[in-house]
Amino acid sequence: MKIKLFGVLKTMVPGKQDLDMPLPEGRRVKDLVEVLNQKYPPVGELLLKKKVLVSVNQEIAHWDTVLEDQDEIALLPPFAGGSCVYKKGRIDAYGC
Amino acid sequence: MKIKLFGVLKTMVPGKQDLDMPLPEGRRVKDLVEVLNQKYPPVGELLLKKKVLVSVNQEIAHWDTVLEDQDEIALLPPFAGGSCVYKKGRIDAYGC
Amino acid sequence: MAVDLEERMLARVQRENFSIDEELERVRARSRRIGGIAMFLGTARDRSKGRDVSSMSFEHYEGMAQKKLQEIRDRALHDFDIIEALVLHRFGPIEIGENIVLIIVGAEHRADAFKACKWCIDELKQITPIWKMETTPEGEVWVEEHP
Amino acid sequence: MAVDLEERMLARVQRENFSIDEELERVRARSRRIGGIAMFLGTARDRSKGRDVSSMSFEHYEGMAQKKLQEIRDRALHDFDIIEALVLHRFGPIEIGENIVLIIVGAEHRADAFKACKWCIDELKQITPIWKMETTPEGEVWVEEHP
């Protein structure tokens with residue numbers, strides 16, 4: 001599956017481009033985060049700290065969101081506007 | 001002294017134009033209002049009800065403001081914006 | 001107190017219509033530190049107090065109107081954390097849909113720009129000697145807006 | 001849900017600069033009942049968090065960004081007593097002083113227009129997947145504004 005990277009994230013992976021990897025075992029966002037954390041520890045750290053969110057089909061996903069092969073996945077660092085999703089916990093991302 | 005009329009007021013006096021009259025005895029705004037009330041009762045009524053304000057040299061005047069021959073006098077009906085001077089008593093016109 | 005030409009353009013009345021892009025340029029040209037610009041544009045509605053309005057005309061007290069607009073700009077610059085403000089009102093006949101009044105406030109941050117912009121238009125409506133005559137099916141009427 | 005072309009123009013991203021007069025015309029053309037138009041224009045500042053900024057560039061998530069802007073417009077039209085709203089954000093390189101983001105809200109009365117306009121820009125900054133890179137003396141940095 002393709003994983004889109006934005007902003008600072010692209011500078012944090014080899015090749016500085018979107019990722020392509022197989023659907024992780026377990027097929028949930030948390031499983032994807034685990035794989036990313038093994039392969040790209042700096043990216044994984046931001047995901048685990050909830051500094052970076054995962055979107056599935058253009059909506060913010062949760063830890064338990066189930067993934068399909070055709071899903072559009074993206075990793076979203078904090079938006080330019082100073083996103084409340086990180087600051088105010090308004091979007092209940094990852095059960096936070 | 002010249003007295004400028006605006007808005008609906010011009011339609012309320014003969015000739016539909018600014019007024020010209022001698023400085024009233026007593027030389028205060030309240031004396032001017034009294035003269036106007038005698039000569040133009042519909043205008044006088046609005047003045048007495050504080051629906052129309054008197055300005056002297058482009059500032060809202062009070063009952064006791066003293067008038068000079070060279071003063072620029074105007075009668076101001078309610079402004080287009082829905083003037084607070086009439087509605088909220090924010091400007092202490094005529095001691096109201 | 002001397003007011004230079006550009007300052008006078010930032011608080012004025014005029015008969016002609018205006019371009020918002022051009023007026024914006026006056027404000028932006030004053031500083032590269034501006035990051036948020038709040039604007040209010042009042043336009044001529046085709047309904048007023050339940051009546052159809054086919055056109056309108058504004059009369060102003062020449063001299064006092066400008067003085068009040070200048071006062072509003074000065075107070076906004078003094079009382080809010082903003083960089084520049086423009087206050088402009090038209091007079092004379094105005095067709096439905098046309099511009100009537102424009103406020104532009106530039107600040108470093110948007111919250112200040114919004115607060116000052118809203119204050120300017122509220123204040124303008126309250127203290128500026130300008131009168132509106134609407135042409136309706138019942139004839140010409142001098143009207144006062146809901147404040 | 002089909003969205004017609006004109007509606008799509010009212011919530012969009014684009015690379016090119018824009019004219020406020022032209023964008024205003026899109027909003028005004030929708031109704032002659034509009035009496036108050038509140039606008040917010042975000043522009044590129046030359047300072048950010050105490051650093052000089054010589055230029056900046058915006059990256060957006062194509063598809064999701066448009067979807068979020070459309071959501072903001074729809075919710076504004078639903079939740080406030082307004083007539084029309086426009087939400088527009090640029091991407092790509094932007095010079096200091098240039099336009100970045102524009103909100104226009106037309107209503108019968110100004111209080112509603114102001115409220116909705118402020119809500120739109122606050123919401124846009126929070127939920128729209130757009131990222132800013134500033135060029136500073138220390139190099140290129142991806143930044144997040146003060147919310």
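Residue numbering restarts at 1 for every chain, and letters A, B, ... go by the order of the sequence lines. Since this is a predicted model, take the numbers as computed values, not measurements.
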Engineer: What do you reckon, is CD of D:Glu25 surrounded by more than 12 foreign heavy atoms closer than 6.0 Å?
Structural biologist: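 More than 12 heavy atoms, drawn from other residues, nucleotides or ligands, come within 6.0 Å of this atom.
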Engineer: Quick check: closest heavy atoms across D:Tyr61 and A:Glu72, and the distance to 0.1 Å?
Structural biologist: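 Nearest pair, atom of D:Tyr61 first, then A:Glu72: OH-OE2, 2.6 Å.
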Engineer: So, for D:Glu59 and A:Gly7, which heavy atoms are closest and what is the spacing to 0.1 Å?
Structural biologist: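 Result for this residue pair: OE1-N, 2.8 Å.
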Engineer: Which atoms form the tightest heavy-atom contact between A:Ile60 and D:Met64, and what is the distance?
Structural biologist: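 So the two residues come closest at CD1-CE, 4.2 Å.
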Engineer: For residues A:Phe6 and D:Pro129, determine if any side-chain heavy atom of one lies less than 4.5 Å from a side-chain heavy atom of the other.
Structural biologist: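 SC-SC contact between A:Phe6 and D:Pro129 ruled out.
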Engineer: A:Leu5 versus chain D, heavy atoms under 4.5 Å apart: side chain, backbone, both or neither?
Structural biologist: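 The backbone, not the side chain.
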Engineer: Within a radius of less than 6.0 Å around CD of D:Glu22, do more than 12 heavy atoms belonging to other residues, nucleotides or ligands occur?
Structural biologist: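 Counting other residues, nucleotides and ligands, CD of D:Glu22 stays at 12 neighbours or fewer.
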Engineer: Quick one: pull up CZ in A:Phe79 and NZ in D:Lys125 and give me the separation to the nearest 0.5 Å.
Structural biologist: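 Reported value, rounded in 0.5 Å steps: 13.5 Å.
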Engineer: Show the nearest heavy-atom pair for residues A:Thr11 and D:Trp142, with the distance to one decimal.
Structural biologist: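 Taking every non-hydrogen atom into account, CG2-NE1, 4.4 Å.
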Engineer: Taking the side chain as everything from C-beta on, heavy atoms only, tell me whether D:Lys68 gets closer than 4.5 Å to A:Glu59.
Structural biologist: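 SC-SC contact between D:Lys68 and A:Glu59 confirmed.
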Engineer: Tell me, side chain or backbone of D:Glu134 under 4.5 Å from chain A's heavy atoms, or both, or neither?
Structural biologist: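 For D:Glu134, neither part sits under 4.5 Å from chain A.
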